[in-house]
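Input: a single structure, listed below in structure tokens.
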Amino acid sequence: MKYIKSYILFVLMGLAVTGCTMDDLKDDVNDLKDRVTLIEQQVKLLNDNLAVISYILDPQNKTISNVKKEGQGENQQYVITLSDGDQLTLTIGKEGTVNEPEITIGEDGKWYINGTSTGVTAVGENGKNGEGYPEFRVQDGNWQVRFGDGAWANVPGGEGIAGGSSLGDQVFESAKVEGNNFVVTLKDGTVHTLPIVATLVCTIDRTGLTFDDEDFLVINKGERTVIPVKIEGEKMQVTYPEGWRATLNKLDVADENGNNYQLLIFAPAADTRALTRAAADNTADVTVRVQKGAFWAVDKIKVKNPRDYSNNLNKYEDGMAVTVGGFDIKKEEYGAATEITADQSITEGGVYFVSTNNVTLTYNLGSAGVTDLIILPTTADVTTINLSVSSQIYFKGTIACQNVVLNNKVSSSYPLRVSENDVKVVFVKCKLMNLVVGKGMIMPNTNANPERIGYFEITDTDIKLDNAGANTYLVTGMDCTKLVFNNNIVYYSKDVPQDTNAFTATANDTNGHLTQFKVYSANTKTLSELIMNNNTFVDVEANGTSGLVGLVWASEVKNVEIYNNLYWLSFPATVFKSGANPQTKIVMLRLQNTPLSVATGGQNYIYSGNPAVVNFSMSGSAIPAGLAEIISTEVFFDTSDQTTFNKSMGTFIPKAGYTQYGAQR
């Protein structure tokens with residue numbers, strides 16, 4: 001302890017200044033040892049006696065089976081054995097001189113320390129147990145207190161314990177055994193008469209059992225556990241949590257520890273919803289009760305199945321990471337989660353675990369927005385979570401969704417709007433519906449000073465585009481540190497006309513094509529890293545202006561990985577209203593300023609219904625070593641087979657020889 005070190009340092013300094021003798025130093029050190037021993041004894045006495053007073057105030061159906069007196073005079077102690085086998089030690093002490101906290105119980109039944117309420121209930125009443133009793137220690141020269149397994153806290157007014165030469169007891173005035181009663185008198189004159197029921201015993205033998213940090217006995221689903229029990233009395237009863245079962249079996253001969261019964265506990269074969277989390281009340285208790293006359297003896301043990309970590313909410317609550325794509329969601333970063341079991345509106349940001357399949361969540365918070373919106377399934381059988389977005393989601397922090405069908409009802413804009421730099425966006429196993437043609441998925445808050453995306457990922461997701469038109473961008477107008485686009489199906493759901501015009505000659509009306517589609521569109525911005533593998537693109541045409549564009553259009557892409565993509569164009573347009581000449585080249589990557597320097601990729605296939613007119617390339621600039629050219633004119637879908645190519649169902653299964661490419665469903 002620091003105060004001991006400080007005292008020794010002070011003694012050594014005194015020796016150097018005054019020339020103290022070695023005998024003087026030894027005396028000081030011995031005095032210090034005596035004082036430390038006294039303090040340790042005082043702490044133990046205080047804690048032991050508080051355990052006794054806590055039992056007196058709240059016996060919790062435990063009776064006294066035996067009281068043994070030890071010592072005489074100032075060293076007088078009573079060892080109290082309860083019916084569940086626990087032992088308490090009561091020490092009758094005189095007024096001491098050690099500076100210790102004053103402990104009282106207020107009229108409200110709460111524990112008070114040095115006149116300040118702790119808020120903890122001391123007295124059990126109306127069938128409810130008390131909430132425990134204070135435990136004290138001395139740390140760094142100060143008194144500290146805690147209740148149960150709670151955190152230690154400094155006692156108000158408990159600073160410094162210097163002084164004192166004798167032990168003291170502020171709780172008990174006297175104690176004695178009178179016949180079958182144990183009679184204790186408190187310092188305030190209150191007398192408590194506690195019956196001693198020698199032949200009433202109920203003790204669950206915990207020897208050899210392993211308990212978790214919350215004092216639960218963990219039993220695997222469907223298994224049985226046998227626990228020795230010592231019972232003396234009559235009218236035995238066993239209660240247990242819903243879904244569990246427990247019985248008592250009397251032994252012909254008691255074991256070496258005096259246990260004459262077995263408690264058989266049967267765990268449920270399936271999860272019991274009430275026990276998916278650790279319980280602090282009796283919903284997890286297996287309780288044994290024994291009666292003798294008017295008295296009861298009780299012992300109990302808390303049980304639960306092992307934590308099910310296929311349940312994402314359990315993992316999250318226990319501090320483990322829930323992985324969504326390439327991104328981890330952890331409680332220490334995002335705080336407490338909300339469980340959703342029925343349709344409801346999203347009223348604030350946060351982490352939501354959905355436990356009922358096909359639930360509908362509604363978002364309509366307007367420009368107030370949220371910090372973090374994370375929507376995840378609780379278990380694997382929650383395959384569909386509907387998210388109806390009626391106003392743009394202005395957000396900071398993180399957007400993460402899994403198994404979510406995002407229905408965009410913002411009729412004139414993007415559903416997501418970034419409100420700060422370095423946001424994270426993750427969609428895994430989702431469906432993105434009703435993205436507005438001419439807009440797209442995510443935009444900056446302002447074009448004048450656009451925000452920067454730190455991480456953007458769409459994986460294992462279907463993106464269905466229902467309307468013809470131009471300029472549909474998943475990400476637009478922002479720098480992005482890392483963009484991951486893997487194993488997705490992006491498709492225009494309508495039939496494409498067999499002509500080359502995207503617009504009529506006289507108006508801006510579309511002519512049945514969906515053009516100018518881009519995964520990333522920011523020709524003045526930098527995309528630091530692009531990973532785009534195993535995607536299927538159907539009739540989302542990247543061309544559509546007088547200049548050359550691509551599925552990815554940036555000022556610079558510093559690092560690219562692009563493998564195994566399928567790009568199908570039934571009949572791409574080549575004539576556009578804004579272009580004087582036909583645009584006959586389609587590329588996957590278009591860099592406005594800086595050519596590709598670091599890129600790897602290959603086995604990317606593209607098909608066009610008018611190959612004689614349109615030609616293709618992986619990049620609008622020179623292709624670096626390690627990146628293979630796109631392979632064109634390959635017929636890899638059988639459009640006559642509705643079971644493998646069906647726009648209404650979003651089904652696109654490649655022909656033999658190409659099944660390892662494109663989205664793997």
Side-chain angles (χ1 to χ4, degrees), residues 55 58-66 81-87 124 126-130 195-309 311 314:
Y55 166 76
D58 186 19
Q60 299 185 26
N61 286 321
K62 300 175 186 178
T63 59
I64 296 176
S65 58
N66 184 54
T81 302
L82 302 181
S83 56
D84 65 352
D86 284 350
Q87 287 191 328
N126 298 327
K128 180 181 178 181
N129 295 334
I196 301 173
V197 189
T199 56
L200 180 58
V201 176
C202 182
T203 305
I204 297 174
D205 189 346
R206 293 182 167 222
T207 305
L209 299 178
T210 301
F211 296 83
D212 67 8
D213 293 340
E214 297 171 302
D215 199 35
F216 277 78
L217 178 64
V218 181
I219 306 175
N220 291 327
K221 297 176 184 178
E223 292 189 359
R224 183 191 72 172
T225 295
V226 180
I227 304 172
V229 182
K230 183 177 182 179
I231 292 177
E232 295 183 23
E234 54 195 30
K235 296 184 179 178
M236 295 168 291
Q237 297 180 12
V238 182
T239 60
Y240 39 84
E242 181 181 356
W244 292 69
R245 187 165 63 89
T247 62
L248 284 170
N249 177 39
K250 184 173 176 57
L251 298 175
D252 294 333
V253 179
D255 66 18
E256 64 275 11
N257 295 317
N259 300 305
N260 54 346
Y261 277 82
Q262 290 177 327
L263 174 63
L264 282 65
I265 302 177
F266 301 84
D271 283 330
T272 302
R273 183 172 180 82
L275 300 180
T276 56
R277 297 174 186 80
D281 55 26
N282 61 7
T283 60
D285 291 341
V286 173
T287 303
V288 181
R289 294 163 55 96
V290 184
Q291 184 179 4
K292 183 177 182 181
F295 302 106
W296 286 94
V298 176
D299 202 1
K300 57 190 175 182
I301 195 168
K302 293 194 296 184
V303 294
K304 68 178 180 182
N305 287 142
R307 194 74 148 154
D308 178 11
Y309 286 123
N311 181 305
N314 287 351

Nearest 0.5 Å, what's the CZ-CG distance between F216 and N305? 11.5 Å
Go through the structure and list residues passing side-chain contact (heavy atoms from CB on, under 4.5 Å) with Q87, not counting sequence neighbours. V79, T81
Take L248 and L263 through the side-chain contact (heavy atoms from CB on, under 4.5 Å) test and state the conclusion after the steps. CA-CA 5 Å; L248 284 170; L263 174 63; 4.1 Å; yes
dist D252:CG -> N260:CG (nearest 0.5 Å) comes out at 11.5 Å
Spacing of CG belonging to N314 relative to CG belonging to D308, to within rounding of 0.5 Å: 6.0 Å
Taking all non-hydrogen atoms of both residues into account, name the closest pair between P306 and N220 and its distance. CG-OD1, 3.1 Å
For V303 and P241, which heavy atoms make the closest approach, and how far apart are they? CG2-CG, 4.1 Å
Carefully, step by step, assess F211 and I301 under the rule side-chain contact (heavy atoms from CB on, under 4.5 Å). CA-CA 10 Å; F211 296 83; I301 195 168; 3.6 Å; yes
Looking at T207, L264, N259, L217, which hits side-chain contact (heavy atoms from CB on, under 4.5 Å) with I227? L217
Heavy atoms from other residues, nucleotides or ligands near CG of D213 exceed 12 (cutoff 6.0 Å): no
Between D215 and K302, is there a salt bridge with N-O shorter than 4.0 Å? no
When rounded to the nearest 0.5 angstrom, what distance separates OG1 in T63 from CG in L82? 7.5 Å
If the threshold is 4.0 Å, N to carboxylate O, is there a salt bridge linking R307 and D212? no
For V288 and Y261: C-alpha separation, side-chain torsions, deciding distance, then whether side-chain contact (heavy atoms from CB on, under 4.5 Å) applies. CA-CA 11 Å; V288 181; Y261 277 82; over 6 Å; no
Specify the closest pair of heavy atoms between G85 and T203, including all atoms of both residues, with the distance to one decimal. N-OG1, 3.3 Å
Nearest 0.5 Å, what's the CD1-CG distance between I204 and D84? 9.0 Å
Of all the heavy-atom pairs spanning I219 and W244, show the shortest one and how long it is. CD1-CZ3, 3.9 Å
Any pair with a residue in residues 224-236 that passes side chain to side chain donor-acceptor pair (under 3.5 Å), sequence neighbours left out, goes on the list, sorted by first then second residue, please. none
Separation between CG of D86 and OG of S65, rounded to the nearest 0.5 Å: 10.5 Å
